[in-house]
Amino acid sequence: MFGSTKCGKCEGASFKIQEMSPSGAQYKMYAIQCASCQTPIGVTDYYSVGSLVKQQEKTLADLQSKLSGMGQQLNQIAQFLNQMRR
């Protein structure tokens with residue numbers, strides 16, 4: 001069995017997440033730190049990469065739908081113009 005995770009400094013077993021903005025960094029990060037002594041034990045991304053990808057997928061799908069509609073409208077205009085030439 002696995003043991004419980006403990007802080008390397010105070011051996012506390014309770015942790016919290018703290019937002020941080022490292023100097024010189026473009027993005028915020030989250031530090032995972034001991035709830036008792038605030039010693040950082042890890043760092044993770046501020047944004048959920050998975051949710052950002054999902055948002056991008058939705059945006060791309062919306063754009064694709066709009067472009068498809070515009071293509072259909074352009075085809076209708078072209079057909080109308082061709083009929084007017086005859």
Can you tell me how far apart [atom1] ([X]) and [atom2] ([Y]) are? Round to the nearest 0.5 Å.
X     : Y     : atom1 : atom2 : value
Thr39 : Ile32 : OG1   : CD1   : 14.0 Å
Lys16 : Ser36 : NZ    : OG    : 9.5 Å
Gln26 : Ser21 : CD    : OG    : 13.0 Å
Cys7  : Gln38 : SG    : CD    : 9.5 Å
Met70 : Leu63 : CE    : CG    : 10.5 Å

### Query
CD of Glu19: more than 12 outside heavy atoms within 6.0 angstrom?
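It does: Glu19 CD has more than 12 such atoms within range.
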### Query
Counting only heavy atoms not in Gln64, do more than 12 sit closer than 6.0 Å to its CD atom?
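12 or below, so no.
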### Query
So do the side chains of Lys28 and Met20 get within less than 4.5 Å of each other, counting heavy atoms only?
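In short, these two side chains do not touch, never coming nearer than 4.5 Å.
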Taking only distance into account, with no hydrogens and no angle test, what donor-acceptor pairs under 3.5 Å do side-chain atoms of residues 76-83 form with protein atoms, sequence neighbours excluded?
residue: Asn82; atom: ND2; partner: Ala78; partner atom: O; Å: 3.3

### Task
Determine, stepwise, if the pair Lys66 / Asp62 fulfils salt bridge (Lys or Arg N to Asp or Glu O under 4.0 Å).
CA-CA 6 Å; Lys66 288 177 183 178; Asp62 291 346; over 6 Å; no
Distance-minimising heavy-atom pair for [X] and [Y]:
X     : Y     : value
Tyr30 : Asp45 : CD1-O, 3.5 Å
Phe15 : Thr5  : CE1-O, 3.6 Å
Met29 : Pro22 : CG-CG, 4.0 Å
Cys34 : Cys37 : SG-N, 3.5 Å

### Task
Could you tell me if the ring centre of Tyr27 sits under 6.0 Å from that of Tyr46?
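No, the ring of Tyr27 stays outside the 6.0 Å limit from the ring of Tyr46, centre to centre.
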### Query
With no hydrogens and no angle check, is any side-chain donor or acceptor of Thr59 less than 3.5 Å from a backbone partner on Gln55?
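Pair found, side chain donor or acceptor close to backbone of Gln55.
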